[in-house]
Amino acid sequence: MIDIQILRDNPERVRQGIALKKFNCDLDAILALDVERRQKVLESETLRAEQKVASQAMVALDKGTPEFQAKLEAMQALATRVKALEAETKAVEARWEALLLTIPNVPHASVPLGKDETENQVFKTWGNMDVISPHARPHFDIPNFEKWIDFARGVKVTGAGFPFYIGPMARLVRGLLNLFLDEAASNGYTEMLSPHLVNAASGTATGQLPDKEGQMYFANGDELYLIPTAEVPVTNFFRDEIFEEKDLPLKRCGYTPCFRREAGSWGAHVRGLNRLHQFDKVELVKWTHPDHSFAELESLREDAERILQKLELPYRVLLMCTKDIGFAHSKQYDLEVWAGGQKRWLEVSSCSNFTDFQARRAGIRFRPQAGGKVQPVHTLNGSALAIPRVLAAILENNVEADGRVKIPTILQPFFGGAYLE
RNA sequence: GGAGAGGUGGCAGAGUGGCCGAAUGUGCCUGACUCGAAAUCAGGUGUACCGUAAGGUACCGAGGGUUCGAAUCCCUCCCUCUCCGCCA
């Protein structure tokens with residue numbers, strides 16, 4: 001949620017910030033409603049104060065006396081007005097808040113301007129794409145792929161995009177998760193195992209609602225959403241809580257399956273592991289002091305990058321341009337791994353600073369050490385990493401002539417072998 | 001799922017229609033005493049919104065209702081505990 005004070009004081013700044021993103025909203029309507037709201041609140045509270053004073057005066061009177069009866073009648077009229085006015089105020093506040101929730105975060109000054117994804121900047125590239133094995137081929141074309149990952153039976157049991165991982169492949173996924181979690185722990189992130197379903201309040205706090213309502217699976221009978229990322233339950237862990245400044249930054253990580261409807265996004269380039277409705281991911285989350293959040297974003301990105309380096313997978317880092325960063329995001333890096341078989345970059349991580357946007361919605365604040373008002377923290381998160389595309393890159397880049405897949409050295413103890421065969 | 005009890009400030013806990021944003025205890029902060037600490041004493045100690053300010057308003061699980069007036073009465077929902085049932 002945007003700071004309403006900034007919107008009031010400097011609507012042009014917000015307007016320009018939003019114009020750089022791919023979202024639309026009617027700021028003028030919100031500002032008009034803001035004026036109306038404050039006026040209604042003032043009227044309501046003034047009348048309410050009047051009622052309280054008058055009501056207090058009645059305490060002194062004996063019930064049933066003519067004076068009491070006379071006052072009572074006047075008070076009834078006042079109560080009717082108070083009630084009507086409060087109902088109006090409540091209605092205006094509800095509309096005001098609903099509109100406010102539709103305003104996206106504004107991009108940080110360091111985010112490059114751009115009209116679409118072609119203007120994302122390559123922030124850095126790591127590893128050598130040219131040394132990829134001559135046997136490299138798309139993961140869905142390697143000899144044992146269908147034996148290891150069963151899409152057909154996934155379709156039978158659930159639907160497209162819900163594969164089974166079989167035997168050594170299942171163990172490889174588990175090994176990757178353990179590697180990722182151990183790596184996060186060694187970087188100071190406390191592991192959490194979270195719920196996989198969340199309520200609407202949680203979805204709203206992190207910004208999935210109302211923005212991405214249609215992208216989440218919804219458990220109708222219980223009004224719960226299947227999480228699209230661990231970001232939602234993990235960030236909401238501290239919803240409506242106040243930290244002491246000395247406790248910041250806080251770092252947590254969590255493995256969860258992620259459920260995404262991906263409505264409307266199917267087409268070319270989604271074969272095999274490239275895009276799934278359910279996938280496994282380890283997510284890093286930070287709660288920081290506002291002054292340090294952008295530095296913390298850099299170290300968060302490095303924490304994610306280090307895993308790809310250890311897996312010896314070539315990758316690049318994109319600094320996302322204004323039009324391509326998400327609704328709640330202030331600044332965002334995407335990590336893309338090189339899939340040498342498909343010869344394309346696959347997004348395996350998105351590391352973002354949400355500044356105070358989620359924290360305002362979620363009511364996550366801190367008490368400054370020097371005293372003064374409590375204020376929102378900054379929240380950040382990043383994948384480290386999403387499994388299927390990392391898996392795809394390992395399969396594609398490391399497949400040998402005989403169809404066996406060489407397991408990266410760092411991963412071997414987690415997998416329990418040197419080859420997937 | 002059934003029956004019962006309950007949800008009040010950081011925590012414990014009183015309050016069953018007005019004198020209650022809320023006793024009391026405890027924790028925490030500040031000061032006094034002390035060489036220092038403990039003990040003791042005194043003061044302070046929630047969040048949000050409206051207002052330039054003075055100040056005002058709201059919040060006793062959530063939402064609605066009754067009433068001149070609701071922490072307190074009524075309704076719905078959520079949650080916790082106890083017992084029973086079911087169950088990995």
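Everything quoted here is computed from the prediction, not taken from an experiment. Naming: A, B, ... by sequence-line order, numbering from 1 per chain.
For the P atoms, the distance from B:rU57 to B:rA71 is 14 Å, rounded to whole Å. Between the C1' atoms of B:rG15 and B:rC87, the separation comes to 42 Å (whole Å). Distance check on atom P: B:rC79 versus B:rU26 gives 36 Å, rounded to whole Å. The gap from the P atom of B:rG64 to that of B:rU72 amounts to 14 Å, rounded to the nearest Å. The separation of B:rA53 from B:rG63, taken at their C1' atoms, amounts to 36 Å, rounded to a whole angstrom. Nucleotides B:rA32 and B:rA37 place their C1' atoms 15 Å apart, quoted to the nearest Å. On the P atoms, B:rC60 is 15 Å away from B:rC19, given to the nearest whole Å. Comparing the P positions of B:rA42 and B:rC33 gives an interatomic distance of 16 Å, to the nearest angstrom.
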Base versus backbone protein contacts along nucleotides 43-55 of chain B [heavy-atom cut-off under 4.0 Å; B, S, -]: ---SSSBSS----
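Of the two residues contacting RNA chain B, namely A:Gln76 and A:Gln56, the nearest-nucleotide position lying further toward the 5' end is that of A:Gln56.
Checked against B:rU57, B:rG69, B:rG18, the side chain of A:Ala49 finds its nearest nucleotide in B:rU57. The nucleotide whose nearest atom lies closest to any side-chain atom of A:Arg48 is, among B:rG18, B:rG64, B:rA70, B:rA70.
Residues A:Arg367 and A:Phe243 form no side-chain contact, since every pair of their non-hydrogen atoms from C-beta on lies 4.5 Å or further apart.
Distance A:Lys83 NZ to B:rA58 P: 14 Å, rounded to the nearest Å. Atom pair A:Glu223:CD and B:rC78:C1' shows a separation of 13 Å (rounding to whole Å applied). Summarising the geometry, the separation between CG on A:Leu47 and P on B:rA58 is reported as 12 Å, rounded to the nearest angstrom. If you take NZ of A:Lys90 and P of B:rA58, they are 12 Å apart, rounded to a whole angstrom.
Residue contacts for A:Gln51: at a heavy-atom cut-off of 4.0 Å it reaches the sugar-phosphate backbone alone, with no base atom in range. In this structure, A:Lys52 reaches the sugar-phosphate backbone alone: every heavy-atom distance under 4.0 Å involves primed, P, OP1 or OP2 atoms, never a base. Within 4.0 Å of A:Lys40, counting heavy atoms only, lies no atom of the nucleic acid at all.
Within the structure, salt bridge (Lys or Arg N to Asp or Glu O under 4.0 Å) contacts touching residues 409-421 of chain A (residues at least two apart or in different chains) are A:Arg404-A:Glu421.
Relative orientation of the A:His196 and A:Tyr255 rings is perpendicular, given thresholds of 30° and 60° on the angle between their planes. Aromatic ring pairs are classed by plane angle as parallel below 30°, tilted from 30° to 60° and perpendicular above 60°; the pair A:His289 and A:Phe366 is tilted.
The residues A:Arg15 and A:Asp28 are annotated as salt-bridged, a charged nitrogen and a carboxylate oxygen being separated by less than 4.0 angstrom. A salt bridge does not link A:Glu67 to A:Lys71: none of the charged side-chain nitrogens sits closer than 4.0 Å to a carboxylate oxygen. Between A:Glu298 and A:Arg301, at least one side-chain nitrogen of the basic residue sits less than 4.0 Å from a carboxylate oxygen of the acidic one, meeting the salt-bridge criterion.
Of the inter-residue distances, the one linking A:Ile307 atom CD1 with A:Glu302 atom CD reads 13.0 Å to the nearest 0.5 angstrom.
Note on A:Lys71: every side-chain N or O is 4.0 Å or more away from OP1 and OP2 of B:rG69.
Partner assigned to B:rC60 is none, using Watson-Crick or G-U wobble distances below 3.5 angstrom.
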